[in-house]
Amino acid sequence: MSSERRKSYPFDQLEPKWQAIWEERQLFHAPNPGEKGFDPAKPKFYILDMFPYPSGAGLHVGHPEGYTATDIVARYKRMRGFNVLHPMGWDAFGLPAEQYAVKSGQHPVVTTRQNVAKFKSQLKRIGFSYDWQREINTTDPRYYKWTQWIFLQIYNSWFNPDTKRAEPISTYRGSDPDSVRLAYVADVPVNWCAELGTVLANEEVVDGKSEVGKFPVVRRPMRQWMLRITAYAERLLDDLDELDWPEGIKLLQRNWIGRSEGAEIDFKIENYDAHVRVFTTRPDTLYGGTFLVLAPEHLLVDQIVTEEQWPAVREYRERTARKSELERADLSKEKTGVFTGAYAINPATSKKIPIWIADYVLLGYGTGAIGGVPAHDERDLEFAKKFDLPIIVVVQPTRDEPAIGFTGEGVAVNSPIINGLTSADAKKKITAWLEQHGFGKRAINYKLRDWLFSRQRYWGEPFPIVWENGKHRALGEKELPVVPPPLDDYKPTGTGEPPLAKAKEWIRYSDKALRETNTMPQWAGSCWYYLRFCDPHNDKRFVGEEAERYWMGGDKPGGVDLYVGGTEHAVLHLLYARFWQKVLFDLGYVSKPEPFQRLVNQGIILGEDNQKMSKSRGNIVNPDDVIDQHGADAFRCYEMFMGPLEQIKPWSMRGVEGVARFLARVWRLLMTENQAGEWELSSKIKPADPSKAQQKVLHATIKKVTKDIESFSFNTAISQMMIFVNAFTNVQIIPLSAMRPLLILLSPFAPHIASELWERLNTRFSDAHGDMTEQPWPEYNERLLAEEEVEIVIQINGKLRDRMKMSVLATEEELRTAALSSPKIQDRITGKTVRNVIVVPKKLVNIVV
RNA sequence: GCCGAUGUGGCGAAAUGGUAGACGCAACGGACUUAAAAUCCGUUGGGCCGUAAAAGGCCCGUGCCGGUUCGAGUCCGGCCAUCGGCACCA
């Protein structure tokens, strides 16, 4: 009758059953300190996934990879006696919902609600043990009220360079507090994307095109909100040391922050009462400085340029301004530049050197000016050759290679003060000399730029800021949240003016004051969501103090014990969140200087064709289809069985079938089908003692699964459970005492089938009490693992020649004698001299002839 | 260009410096079945020798070239390829 293939076990019934039970009993709800059911005797474990953007397409199999890993650890930790905080939420502000609104006129609130519902039901089908009572959504006014509140704290503070901390702006003694706030307004050249009608952050521009939509991006100055993340560069760098993150990710952040040590040197301008300050990492090459180059936008240019050079300079500056970031950064193009007509004095040589402008010098890094040392810098060399500027060798390479163009460390030459010194020593000495004579000082520079924090978009957090008489002013806490107005038309204005400017009534805050119409970038909400999860319903504070201290507690700098997500957030999200955490920490609102103690990145899952999954390739795998066919447990186990979590790996439907077969074997180990086609507990299960061999495989499995969960080697944990099940297939008596631990070990991976089988065992046997989720994790007994006899490998010159069974107690001498007397070995060594015999107890004997 | 990761059967992979390929997929053979599916059992890195068939034996093999070591997939040096990040940062 039914053409549908019979299920190998009734996962389609038992999976919804257990999900309903978990939900009804709220088994995975973690009470806060002071709440009903909270057990202060247990240690805490905060395990967090990077929350998703709920897109209209729904979940794909890449999302649940990390989520499955964390779910296994969360379930394991609960059975290990931890209070586990394992929440989920939605990062729902962002461009796709807004673009959909532009097209359809439907308010983003509506699409967001639909998408969240879809994502949530998909996640629930997989059986994740989230505490859904803690669900949060960044677009919920009860959430973004506090995002705005945190912005106010940032706005109302400054970075005190003496204490190296953020402090309330009231402690600032200078005349212009607006110039030091951690949130400030600046006219900055921004990445303007006409198609999207908005400004983009540097990070959102890839190869001169928008990351979203791949539209062209040009530079254009605009009034923008900036966050002074650069003030924290040093701490963001130093504090990485104490975090348990992959070294590669730390390196990525270090490179992004880009600390470099060197000196700032002042070059006096000839016939003019001013000087040009340059930054260099090679002060030891100062004698080779034969010209200066300023960024075209450098402020001094206006003052120093000579009459006859004005037209050329003006023309060059205009040309540069028209260039997009892409054109300007194009390395293949020739160097360009214009002479200003002015000269500076090299403080070391007292010689006159020309001052140029060129677009290879960037205004935003260092001082926006460089000393050109063509002999020892590739770019300067190219520039000097093009414009025929003098090249002077001042560093002699230690090996035999040409000195011109040598950028490594060598020995200083043609440099009277430092001649003969190694580059390292020369740097120290010349820097000291510069300081002594007031020409410069030691300096540290960072590549990190301040964070462009405003967007010309509708679907984001409005700023709690109003403008009056051309000045910005913060709203009071009581006025939060600032809710965006409803609009009929969400289209960008196209002028750079944000869509909120269309809400004529909304922007009129008072007779005199207008609201800020920019909104915050999508990163804002995800900068602090891990804090909100600790206390998601608090309407008095962004997070309650006690809850924050408890869940973010521990003796390490980071509060979240384990954070799992993709490498695509290795720099930006993780850096921004660390920055906010540090500001909140400085201001005394949180107890930890770092948000995430341990970080694990899951690898990308490719399609069956080994290509990145994408709609256009048609190789997207939808978890719902997999679950329909094989069940959620098989889906979870396959995601983990594919290979190491961190690795990129292709999906395989055949692979899913293999894992599904394994679960069916577990099922049939304990269940048999009766005449009526109903599943019932197998009569082979007896409260009998397991055999020695069974005992051994059981304890080996407990040991391996436990160790593998701790080390995130979920694939090999599953392999071991397969070995266990294979060992019990076709035995006549199935010892109950071996099946109980198996189900516990399996339960974090395949919680539904484990729960069901556990419950079925309970209907006949009374050796255990309570549900699967209430069981403690099993311990293994090392003694039961010990072999009495082991196979010893006999090698000759490292090559395998024979094997023998020996007692584990055999001494080295016994092993040696036994190996040498083996007939096969005898055959091979007669007539040869045995030079050495290496004996590795319990492993091998290697005979060297 | 710089930085990082990866490279092992037909495929996904496993191996504290000590038996390379556990476990799974695919393939092939067998049992069960009228038949198929499902299930269960077995074989499966390559080459060669051996045998009626087996048993058995030998050589090669972890991207390439070298080194350290009694012994290297694993450690060291040099290359190559793929993927990812950064990219005129002075």
Side-chain angles (χ1 to χ4, degrees), chain A residues 5-6 8 207 246-252 254-256 258-260 262 278-282 285 293 295 328-333 335 358-362 364-373 376-380 382-383 407 445-449 567-568 570-571 601 603-604 606 608 610 612 637-638 641-644 646-659 661-662 664-665 668 713 715-726 729-730 791-803 824 835-840 842-849:
Chain A
R5 209 173 66 204
R6 225 178 144 282
S8 51
D207 293 336
E247 278 309 314
I249 302 295
K250 286 192 189 180
L251 195 64
L252 236 46
R254 289 196 182 105
N255 291 343
W256 190 265
R259 180 183 196 272
S260 50
V278 307
F279 173 73
T280 176
T281 54
R282 295 296 299 270
T285 63
V293 187
R328 185 160 172 176
D330 185 3
L331 284 168
S332 58
K333 69 151 208 252
K335 293 267 178 294
D359 66 2
Y360 80 92
V361 175
L362 309 172
Y365 182 76
T367 58
I370 61 155
V373 185
H376 306 294
D377 182 286
E378 281 174 41
R379 299 148 301 181
D380 297 345
E382 202 191 320
F383 191 75
T407 56
N445 245 299
Y446 298 93
K447 272 195 328 200
L448 184 69
R449 312 289 167 87
T567 351
E568 64 272 23
V571 177
N601 292 118
I604 298 165
L606 305 172
E608 300 222 46
N610 247 299
K612 215 172 195 160
C637 288
Y638 178 65
F641 188 65
M642 291 171 78
E646 295 90 339
Q647 201 165 295
I648 299 185
K649 44 208 178 280
W651 188 265
S652 157
M653 274 304 174
R654 299 279 197 170
V656 187
E657 285 171 31
V659 174
R661 265 201 286 273
F662 157 66
R665 281 158 73 95
R668 287 196 312 272
S713 308
N715 53 331
T716 48
I718 294 171
S719 293
Q720 182 61 38
M721 289 189 277
M722 287 173 169
I723 291 170
F724 179 100
V725 171
N726 291 345
T729 308
N730 292 333
E791 192 179 68
I792 303 289
V793 166
I794 311 176
Q795 297 178 332
I796 296 176
N797 292 341
K799 291 198 173 176
L800 174 70
R801 291 307 178 204
D802 199 10
R803 310 147 199 264
K824 281 185 194 168
R835 295 185 187 280
N836 195 5
V837 178
I838 288 123
V839 180
V840 182
K842 295 188 216 176
K843 278 266 159 74
L844 59 76
V845 179
N846 189 13
I847 300 159
V848 188
V849 296

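Please read all numbers here as calculations on a predicted model, not as lab measurements. Here is how names work: the chains are called A, B, and so on, in the same order as the sequence lines, proteins then strands, and each is numbered from 1.
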The side chain of [X] is closest to which nucleotide in this list: [options]?
X: A:Ser719; options: B:A22, B:C70, B:U19; result: B:A22
X: A:Ile723; options: B:C23, B:G18, B:A15; result: B:C23
X: A:Thr280; options: B:C40, B:A26, B:A90; result: B:A90
X: A:Pro644; options: B:G18, B:A14, B:U19; result: B:A14
X: A:Thr729; options: B:C41, B:G12, B:C86; result: B:C41
X: A:Met722; options: B:G24, B:A90, B:U19; result: B:G24
X: A:Lys843; options: B:U16, B:A90, B:G24; result: B:U16

Minimum heavy-atom distance [X]-[Y], with the two atoms named:
X: A:Leu252; Y: A:Ala570; value: CD2-CB, 3.6 Å
X: A:Val293; Y: A:Tyr360; value: CG2-OH, 3.9 Å
X: A:Ser719; Y: A:Phe641; value: OG-CE1, 3.5 Å

What's [X] touching, base or sugar-phosphate or nothing? Going by heavy atoms closer than 4.0 Å.
X: A:Arg835; value: nothing
X: A:Lys824; value: sugar-phosphate
X: A:Val361; value: base
X: A:Asp380; value: nothing
X: A:Asn846; value: base
X: A:Leu251; value: sugar-phosphate
X: A:Thr567; value: nothing
X: A:Thr281; value: sugar-phosphate
X: A:Leu844; value: base
X: A:Gly658; value: sugar-phosphate
X: A:Asn715; value: sugar-phosphate

Determine which nucleotide pairs with [N], using a 3.5 Å limit on both distances of a Watson-Crick or G-U wobble pair.
N: B:A35; value: none
N: B:A81; value: B:U6
N: B:A87; value: none
N: B:C40; value: B:G30
N: B:A22; value: none
N: B:A72; value: none

Spacing of the [atom1] atoms in [M] and [N] (rounded, Å):
N: B:G18; M: B:G73; atom1: C1'; answer: 13 Å
N: B:C83; M: B:C32; atom1: C1'; answer: 49 Å
N: B:C49; M: B:C11; atom1: C1'; answer: 31 Å
N: B:A14; M: B:G7; atom1: C1'; answer: 16 Å
N: B:A90; M: B:U6; atom1: P; answer: 28 Å
N: B:G17; M: B:G57; atom1: P; answer: 31 Å
N: B:C86; M: B:C59; atom1: C1'; answer: 48 Å
N: B:A87; M: B:C75; atom1: P; answer: 32 Å

Q | 5′-ward residue of the pair A:Ile718/A:Val848 relative to RNA chain B | A |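 Counting from the 5' end, the first nearest nucleotide belongs to A:Ile718.
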
Q: Return the 5'-most residue of the pair A:Met642, A:Ala664 with respect to RNA chain B, ranking by each residue's nearest nucleotide.
A: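 It is A:Met642 whose nearest nucleotide is closer to the 5' end.
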
Indicate whether OP1 or OP2 belonging to [N] is found under 4.0 Å from a side-chain N or O atom of [X].
X: A:Arg254; N: B:C3; value: no
X: A:Asn730; N: B:C41; value: yes
X: A:Gln647; N: B:A13; value: yes
X: A:Arg654; N: B:A26; value: yes
X: A:Arg801; N: B:C59; value: yes
X: A:Lys447; N: B:C2; value: no
X: A:Ser260; N: B:A90; value: yes
X: A:Arg661; N: B:C25; value: yes

Rounded distance (Å) that lies between atom [atom2] of [N] and atom [atom1] of [X]:
X: A:Lys799; N: B:U69; atom1: NZ; atom2: P; value: 18 Å
X: A:Asn601; N: B:U6; atom1: CG; atom2: P; value: 13 Å
X: A:Gln720; N: B:A14; atom1: CD; atom2: P; value: 15 Å
X: A:Arg259; N: B:A90; atom1: CZ; atom2: P; value: 12 Å
X: A:Lys649; N: B:A14; atom1: NZ; atom2: C1'; value: 15 Å
X: A:Phe641; N: B:C11; atom1: CZ; atom2: C1'; value: 13 Å
X: A:Met653; N: B:A26; atom1: CE; atom2: P; value: 14 Å
X: A:Leu800; N: B:G71; atom1: CG; atom2: C1'; value: 12 Å

Q) Would you say the side chain of A:Arg665 lies within less than 4.5 Å of the side chain of A:Thr729, judging by non-hydrogen atoms? A)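 In short, these two side chains touch, coming nearer than 4.5 Å.
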
Q: Indicate yes or no: at least one non-hydrogen side-chain atom of A:Arg661 is less than 4.5 angstrom from one of A:Met722.
A: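 No, their side chains stay 4.5 Å or more apart.
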
Q | Glycosidic conformation of B:G78, taking syn as within 90° of 0 and anti otherwise | A |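 Here the answer is anti: the torsion falls beyond 90° from 0.
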
For the side chain of [X] and the backbone of [Y], is there at least one donor-acceptor N/O pair under 3.5 Å apart?
X: A:Tyr638; Y: A:Met653; result: no
X: A:Arg282; Y: A:Thr407; result: yes
X: A:Asp377; Y: A:Gly372; result: no
X: A:Lys824; Y: A:Arg803; result: no

(Q) Any donor-acceptor pair, under 3.5 Å, between the side chain of A:Glu791 and the base of B:U19, if you only look at N and O atoms? (A)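 Per atom types, the contact qualifies.
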
**Q.** Neighbour count >12 (heavy atoms, 6.0 Å) for atom CD, A:Glu378
**A.**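 Not more than 12 within 6.0 Å, no.
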
